[in-house]
2 protein chains.
Amino acid sequence: MRMSDIAKAAKISRQALYLHFPNRAELLVATTRYLDELHEIEGKLIESRAANSGIERLSAWINFWGGYIPTVYGVSKALLAIKDSDEEAMLAWNDRMHAVRHGCAAAVSALKDDGKLVVGLSEAEATDFLWTLLSVRNWEMLRKDCGWTQDRYIEVMRSTAAAALVSS
Amino acid sequence: MRMSDIAKAAKISRQALYLHFPNRAELLVATTRYLDELHEIEGKLIESRAANSGIERLSAWINFWGGYIPTVYGVSKALLAIKDSDEEAMLAWNDRMHAVRHGCAAAVSALKDDGKLVVGLSEAEATDFLWTLLSVRNWEMLRKDCGWTQDRYIEVMRSTAAAALVSS
DNA sequence: TGTCAACTTGACGCCGTGTCAAGTTTCGAA
DNA sequence: TTCGAAACTTGACACGGCGTCAAGTTGACA
């Protein structure tokens with residue numbers, strides 16, 4: 001998806017795009033912010049915090065984030081593709097990923113409070129692991145390369161995350 | 001890492017590179033093949049098949065592949081970066097990933113033969129999951145972004161893969 | 001009617017890949 | 001010892017995509 005493609009889709013000249021966004025990276029960042037707003041992400045995040053037990057909270061978090069990935073997949077992939085060559089894209093991506101990590105940390109913390117965090121992993125390690133498990137790349141691999149359905153993705157992520165992180 | 005960087009490192013002109021490799025994709029592919037040869041991958045793969053139980057085999061496979069990722073990380077990342085725009089790089093990458101998937105499938109199959117594959121996942125799904133878990137991207141996230149040591153990476157992958165895939 | 005912002009067309013520079021042409025070095029076989 | 005082919009060099013060029021610039025057009029509205 002080149003700048004000229006976006007301009008064409010917006011029925012605008014390529015140059016007019018640069019009147020609104022200084023460069024490709026900021027356009028993509030603005031798009032993610034717009035999507036977040038459109039889907040009222042903040043509100044839904046707060047809802048997911050209402051879960052009682054750590055286990056429920058882990059489940060709710062996976063439902064939420066796993067369910068949101070499809071809507072940000074396109075722009076995430078574009079951001080991901082340029083983040084190694086574009087400093088600003090890198091910062092924007094890290095910022096975004098930091099927010100996701102925070103959600104993972106909250107779920108892990110709730111688990112720990114319940115005394116249900118698996119032995120053998122520190123809280124930080126469990127957070128790292130969950131964050132990695134729920135990455136956009138993994139979603140892409142399972143849904144696109146392996147042909148999983150969205151529902152199956154959520155189910156399996158829930159069950160495997162529980163198996164890996166919840167003490168039995 | 002541009003073609004000119006590679007040429008400089010090889011103490012050769014950029015154009016001379018094109019006398020040996022038709023394009024960037026084939027250079028990267030040839031490099032992975034060379035690395036495989038250098039590390040006698042085939043032989044080590046056969047060794048890992050000697051494990052007795054499915055559980056041991058899963059462990060051996062994670063040790064092997066997880067331990068090999070660091071040596072192919074650089075070139076894998078380069079291949080990964082261009083695979084969305086270069087048809088040939090895409091094919092080469094898929095070919096490579098197919099081989100890794102095969103290793104995952106063998107471990108899952110051995111688990112199944114022992115009656116130790118977790119209920120709730122088909123053999124194909126378990127293979128998909130393991131393959132995704134052991135992706136180069138996940139290794140990168142945990143080692144580079146999260147700062148894990150290589151040893152810890154292997155340990156956690158072994159324990160979480162076992163938790164997610166082995167029935168208790 | 002005049003002004004200003006939003007937009008247009010059309011050009012350009014930069015950078016990295018890949019291509020081409022023409023000349024030079026190296027080296028082994030006759 | 002010389003000749004020829006292979007490997008390499010320098011220096012140029014086209015192409016695609018991003019970002020920039022200049023100059024002209026449109027349209028709203030005071």
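Below, read A as the first sequence line, B as the second, and so on, with proteins coming before strands; counting in each chain starts at 1.
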ask   = According to the interplanar angle, ranging from 0 to 90°, do the rings of B:W139 and B:Y73 count as parallel (below 30°), tilted (30 to 60°) or perpendicular (above 60°)?
value = tilted

message = Checking side-chain polar atoms at under 3.5 Å, does A:R158 have a donor or acceptor matched by the opposite partner on A:N63?
response = yes

query = For B:L17 and C:dT19, what is the distance between atoms CG and P respectively, to the nearest whole Å?
reply = 13 Å

task = Indicate whether the side chain of B:Y68 and that of B:D36 have a donor and an acceptor atom separated by less than 3.5 Å.
result = yes

message = With nearest nucleotide decided by heavy atoms, which residue, B:S4 or A:I12, maps closer to the 5′ end of DNA chain C?
response = A:I12

key: Atom-to-atom span, OH of B:Y18 to C1' of C:dA21 - whole angstrom   = 17 Å

Length of the CD-P vector between B:Q15 and D:dA6, whole Å = 20 Å

remark   = Side-chain contact check for A:R14: nearest option of C:dC7, D:dA12, D:dC18 is D:dC18

request  = Please determine if B:R143 forms a cation-pi arrangement with B:W148, meaning its NZ or CZ atom is less than 6.0 Å from the six-membered ring centre and no more than 45° off the ring axis.
outcome  = no

Protein-nucleotide distance (A:M1, atom CE; D:dG17, atom P), rounded to Å = 13 Å

query = Can you check the A:L19 CG to D:dT20 C1' distance for me, whole Å?
reply = 11 Å

request  = Give a yes/no on whether any side-chain N or O of B:H20 is located under 4.0 angstrom from OP1 or OP2 of D:dC8.
outcome  = yes

ask   = In whole Å, what is the span from the CG atom of B:N23 to the P atom of D:dC15?
value = 19 Å

Atom-to-atom span, CZ of A:R2 to C1' of D:dG19 - whole angstrom = 16 Å

query = Between A:F21 (CZ) and C:dC7 (C1'), how many Å, whole number?
reply = 15 Å

